[in-house]
Number of protein chains: 2
Amino acid sequence: MVAARAGVSTATVSLVTSGKTAGRVSAGNIAKVDRAVSELGYIVDGLGSSLARGRSNIVILVAPDVSNPFFAKVIDGVRGEIGDTFQLLLSVTEAGRMPTPAVVRNLLSLRPAGLLVDAPSAEFLAALPAAGPMVLLDTAGVESAAPAVNFDVAAGAVMLADHLAGLGHTTVAYLDSTTGTETFRVRREAFCRHARIHGMDVAAQAGTTIDVAAAAQAFAGAWPEWERKGVTAVVCGTDTHAYGVLQEARIARLEVPGRLAVTGFDDLPYSETSSPGLTTVRLPATELGRAAGRQLLRLLAGEDLGGADATGHTLTLGSELVVRGSTAGPGTGPGQRR
Amino acid sequence: MVAARAGVSTATVSLVTSGKTAGRVSAGNIAKVDRAVSELGYIVDGLGSSLARGRSNIVILVAPDVSNPFFAKVIDGVRGEIGDTFQLLLSVTEAGRMPTPAVVRNLLSLRPAGLLVDAPSAEFLAALPAAGPMVLLDTAGVESAAPAVNFDVAAGAVMLADHLAGLGHTTVAYLDSTTGTETFRVRREAFCRHARIHGMDVAAQAGTTIDVAAAAQAFAGAWPEWERKGVTAVVCGTDTHAYGVLQEARIARLEVPGRLAVTGFDDLPYSETSSPGLTTVRLPATELGRAAGRQLLRLLAGEDLGGADATGHTLTLGSELVVRGSTAGPGTGPGQRR
DNA sequence: CTGAAAGCGCTTACAG
DNA sequence: CTGAAAGCGCTTACAG
């Protein structure tokens, strides 16, 4: 250990670099070590350090889809919360896929201080070796003993159903995400259940990946039939799907919201500035990341998040209905737009 | 080491688990070890292993913007090339920012087998300690001794200028990205230089972040003046900017391409399906990732990528002009659309 | 307050 | 072909 050339033992150096000097190292030695460290440009080797303490200081975030603006906000939240203490690293997988068990094992062999898992499938969780502190994100609909932070998407779906029914819609279509994450099932089922209560008919369904163009195409293909069925509103599983519908509606000269009401989930930035603005269920993405980061921090500090009841581990973040120009009563026709 | 209970030494186990048995371990012992390994569910500890060999098997990809569809393709390319051999991990930074020197030092202390750096600024590279194998991606316009893989964005810009001039445009506007990555400067300068050669006037410029809504807003604000100046085409630094222009043009009932031609850079998926389709310079993102992955692999294998000439380290991927419906001659008016 | 020593879990010459 | 041993760079009881 080069820095031992400060004239002290490696033990002392270690104490100083790790900030455990309180009542254990003299001020003079601290100064000496600090000087030597900066002179030599020394930097603690993460590998040796991690091996000695049994775990590294990295936190690995595992997610099926790194590249979408919604997830970017989640990451921001996590980073803001744990970024100073831990090194946050993203696992990279094929777009839309969770890592294979083999990859996870590799990840785990790095002895991360903790694991953050976003939108896992039930199978993924089942195959996950229970190793070390872990917090789940956005896992609505999946059973797990691990602490989790979720959105209350069902409540949002209910508000959406209330809103549309209140506007007088009686026949709606649902454009779902086909990525197979449980949260989408929860959204859809909650909406359909509540629509039924209001006597609102979910007359048709379609699904695509989370992609504007794919959604536009699916809507274009389905619309003739939906129109025949008397559909006056399209509820979309994500804002991205709604953008596709909005786009296609514009091309087809379908007045929104006069002829067709459109809604989404997420409240991505563009939903505010699109024309018309998109009525959507806001899911607080940044807050999700922050909350998950905080939970992990508590876990790492040795706190027991549990509590006796089963829900003690799970934090649920409220969702919120944001009403904008894309919804109005059915048949309000041209001129009502905006 | 638990697996030593296979009845052999730890050295033998290590030889087997790392696959270096060739002529060094008897078939019987290999079998014994394999059995013990699977019985115990043993998995080589990455920390100990990495420390012993001096470096880990992770490759860290550093990039300013993880969450955009273009970068997703780059990642895909990298993963496809090195994913089997190394553990690819993404560094997480504030959106649009490169990591700070302190973060990079932390990253480096994990002793990654290699580093991949996407779209770095000159300052970032200057501050980067020259540690270990590294390949730069998309670094057009930045000087560096490190091997790099770039797009020939200047050639694309030239083709674009040729195309617009050929269609008869004489006055155009340039909507740039303000993210400050050098590649955007290169695109713009190459375009402007070549426009001038054709006698085409770049009469106005504006810039926004890479965001549809921001671009739409900027265009909406600038258009009155641009129109007064006689602008008949808007050249955008990225496809995303062009989407904003396309959107705003539709709202303002500006016929594209009849009244206004619009172009982009990237060729994102949506550019093919938008209406009209977007004329753009295709930058082969996946191939960029693959090429960079391959370069790094060669570097890690100890190959010298150099060569005597300065360009020996740098691979340049060709760009390609994709002409779609968003460009036509000026003043072709309504009815010419598509 | 300080240093010598053991140990984290592996790999790799080395001697047999 | 095999095992005992040294060593990777740190941290942490432990004895002083």
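Order of the sequence lines fixes the chain letters, A, B, ..., with proteins taken first and strands second; residue numbering starts at 1 for each chain.
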statement: Between CG of B:L47 and P of C:dG7 the distance, given in whole Å, is 19 Å
query: Starting at CZ of B:R53 and ending at C1' of C:dA13, how long is that distance when rounded to a whole Å?
result: 15 Å
task: Check whether any side-chain N or O of A:T12 sits under 4.0 Å from OP1 or OP2 of C:dG3, and answer yes or no.
output: yes
task: Look at the side chain of B:D45 and decide which nucleotide, out of D:dT11, C:dG9, C:dT11, has an atom nearest to it.
output: C:dG9
message: In this structure, how many angstroms lie between the P atom of D:dC10 and the CZ atom of A:R111, rounded?
response: 17 Å
- prompt: Tell me, do B:V59 and B:L89 make a side-chain contact under 4.5 Å, heavy atoms counted?
  reply: no
Smallest separation among heavy atoms of A:D118 and A:M98, with atom names: O-CE, 3.7 Å
query: Atom CG of B:N57 and atom P of C:dG9: how far apart are they, to the nearest Å?
result: 18 Å
query: Of all the choices, D:dT12, D:dT11, C:dT11, which nucleotide is nearest to the side chain of A:T17 once you look at every atom?
result: D:dT11
Closest nucleotide among D:dC8, C:dC8, C:dT2 to the A:A52 side chain: C:dC8
message: Is it true that B:T179 and B:S177 share a donor-acceptor pair across their side chains at a distance under 3.5 Å?
response: yes
message: What is the distance, to the nearest angstrom, from the CZ atom on B:R55 to the C1' atom on C:dT12?
response: 15 Å
message: Distance check needed: C:dC10 C1' versus A:L51 CG, whole Å only.
response: 8 Å
- prompt: So does B:S26 get a side-chain nitrogen or oxygen closer than 4.0 Å to the phosphate oxygens (OP1/OP2) of D:dT2?
  reply: yes
message: For A:K73, is there an ion pair with A:D76 - N to carboxylate O distance below 4.0 angstrom?
response: no
- line: Re C:dA13: Watson-Crick or G-U wobble partner, both distances kept under 3.5 Å, found to be none
- prompt: When all nucleic acid strands are considered with a 4.0 Å heavy-atom cut-off, which category describes B:R24: base, sugar-phosphate, or nothing?
  reply: base
task: Among the candidates C:dG9, D:dG3, C:dT12, find the nucleotide nearest to the side-chain atoms of B:K20.
output: C:dT12
query: Are any non-hydrogen side-chain atoms of A:L115 and A:L108 less than 4.5 angstrom apart?
result: yes
task: Find which nucleotide of DNA chain D each of A:I43 and B:I30 is nearest to by heavy atoms, and output the residue with the more 5' nucleotide.
output: B:I30
query: Closer to the 5' end of DNA chain D via nearest nucleotide, is it A:S49 or B:N29?
result: B:N29
- request: Let me know the distance between CG of B:L15 and C1' of C:dA13, rounded to the nearest Å.
  value: 11 Å
